[in-house]
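Working notes for the structure below.
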Amino acid sequence: MRTCKIAPSILAADYANFASELKRIEQTDAEYVHIDIMDGQFVPNISFGADVVASMRKHSKLIFDCHLMVINPERYVEAFAQAGADIMTIHLESTNHIHGALQKIKAVGMKAGIVINPGTPALALEPVLSLVDQVLIMTVNPGFGGQAFIPECLSKVEAVVNYRDKFGLDFDIEVDGGVDNTTIAACHEAGANVFVAGSYLFKADDLVSQVQSLRTALND
Ligand code: DX5
Ligand code: ZN
């Protein structure tokens with residue numbers, strides 16, 4: 001059984017107070033901080049870049065799980081490594097050279113993740129699965145927090161579990177988008193073990209008990 005990890009998404013936090021928001025996350029038992037990087041091109045929204053991640057790094061020792069929604073993310077591999085990112089997850093749809101981009105992430109010492117949009121089939125992941133430490137299956141269309149979970153994406157989680165078994169590989173499977181105490185169990189059931197949650201966690205004043213409610217839902 002893989003360890004279940006909770007990844008609070010800082011996209012739903014107060015951007016004027018990253019330092020104190022990171023402290024709030026550290027008070028929970030969440031394993032990761034999920035950091036969404038958006039360029040206004042791959043997705044309509046713009047969020048923050050490597051310099052902001054570098055500033056956050058000074059305030060936290062948690063694992064930084066960076067999700068790049070950026071065209072040609074290979075351009076930013078060195079910048080994110082230097083900023084202190086631990087995991088760099090890039091979209092299959094964001095570059096013509098996904099294999100080389102993943103190799104580049106690993107070459108600089110970060111963990112490499114691959115992510116697919118709801119409209120991309122799991123089959124497209126097969127050629128690069130041996131390169132990755134994490135597969136992220138989007139359960140909303142990327143770009144914004146607070147959207148409704150798309151349950152049809154869970155069959156792709158199951159497909160990736162099958163690939164992992166078939167090829168004898170070792171990577172985590174993460175889900176992102178619309179994850180809350182009503183949807184997390186189905187994600188786990190399908191085979192995911194890393195759970196990103198933004199609006200569900202940050203809408204509460206008490207982040208500790210909100211993270212705990214996800215663990216409870218996982219164990220029910
Ligand atoms: C969406 C981002 C998510 C977002 C999730 O493009 O990748 O990480 O923060 O937010 P919720 O949990 O509110 O769906
Ligand atoms: Zn994300």
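Whatever order the structure lists ligands and atoms in, that order sets their numbers, starting from 1.
- Annotation: Phe64 is not in aromatic contact with Tyr32 [ring centroid separation under 6.0 Å not met].
- Interface atoms of ligand 1 facing His67, defined by a heavy-atom separation under 4.0 Å, are 7 (O).
- Closest protein heavy atom to atom 10 (O) of ligand 1: Gly145 CA, 3.5 Å.
- Aromatic ring centroids of Phe18 and His59 lie 6.0 Å or more apart.
- Between Phe149 and Gly177, the shortest heavy-atom distance links the atoms CD1-O, 3.4 Å.
- For the pair NE2 of His34 and ND1 of His67, the angle at the Zn ion (ligand 2) is about 100°; rounding is to 10 degrees.
- Using the six-membered ring where Trp is involved, Phe167 and Tyr163 have ring planes that are parallel, under 30° apart on the 30 and 60° scheme.
- In summary, the atoms of ligand 1 found under 4.0 Å from a heavy atom of Gly177, numbered by their order in the structure, are 14 (O).
- Asp86 has a carboxylate O that lies under 4.0 Å from a charged side-chain N of Arg57, or vice versa, which qualifies the two as a salt bridge.
- Residues Lys156 and Asn117 share a closest heavy-atom pair of NZ-O, 2.9 Å.
- Residue, atom and distance of the protein heavy atom nearest to atom 13 (O) of ligand 1 are Ser199 OG, 2.5 Å.
- Ring geometry for His67 against His34 counts as tilted: the plane angle lies between 30° and 60°, on a 0 to 90° scale.
- Under 4.0 angstrom from ligand 1, there are no non-hydrogen atoms of Tyr200.
- Every atom of ligand 1 with a heavy atom of Val196 under 4.0 Å away is listed here by number and element: 8 (O).
- Salt-bridge annotation for Asp133 and Lys106: present, with a side-chain N of the basic residue lying under 4.0 Å from a carboxylate O of the acidic one.
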Review point. Taking it one step at a time, do Arg215 and Glu31 satisfy salt bridge (charged side-chain N to carboxylate O under 4.0 Å, His left out)?
Key: CA-CA 12 Å; Arg215 302 247 190 236; Glu31 288 83 356; 3.1 Å; yes

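- In terms of protein heavy-atom proximity, atom 5 (C) of ligand 1 is nearest to Asp176 OD1, 3.5 Å.
- The ligand atoms of ligand 1 that sit less than 4.0 angstrom from a heavy atom of Ala197 are 12 (O).
- For ligand 1, the atoms lying closer than 4.0 Å to a non-hydrogen atom of His34 are 8 (O).
- Across every non-hydrogen atom of Pro118 and Ile150, the tightest pair is CG-CD1, 3.9 Å.
- When each atom of ligand 1 is checked for a heavy atom of Gly143 under 4.0 Å away, the hits are 1 (C), 6 (O).
- With respect to atom 14 (O) of ligand 1, the closest heavy atom belonging to the protein is Gly178 N, 2.8 Å.
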Practice item. Would you sort out whether Ile87 and Met110 count as a side chain to side chain contact (heavy atoms under 4.5 Å, CB included), showing the intermediate values? Key: CA-CA 6 Å; Ile87 307 168; Met110 290 185 288; over 6 Å; no

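- The angle subtended at the Zn ion (ligand 2) by OD2 of Asp176 and OD1 of Asp36 is 170°, given to the nearest 10°.
- Using a 4.0 Å cut-off to heavy atoms of Asp36, the atoms of ligand 1 that qualify are 2 (C), 3 (C), 4 (C), 7 (O), 8 (O), 9 (O).
- If you check which protein heavy atom lies closest to atom 12 (O) of ligand 1, you get Gly198 N, 2.8 Å.
- For atom 1 (C) of ligand 1, the closest non-hydrogen atom of the protein is Phe144 O, 3.5 Å.
- When hydrogens are left out, the protein atom nearest atom 9 (O) of ligand 1 is Ser9 OG, 2.8 Å; that is the closest non-hydrogen contact.
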**Study point:** Pair Arg2-Asp170, side chain to side chain contact (heavy atoms under 4.5 Å, CB included): steps then yes or no
**Key:** CA-CA 10 Å; Arg2 282 172 186 270; Asp170 180 25; 2.8 Å; yes

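- Residue Pro142 approaches ligand 1 through these ligand atoms, each under 4.0 Å from one of its heavy atoms: 6 (O).
- Remark: distances from the non-hydrogen atoms of Ala12 to ligand 1 are all 4.0 Å or more.
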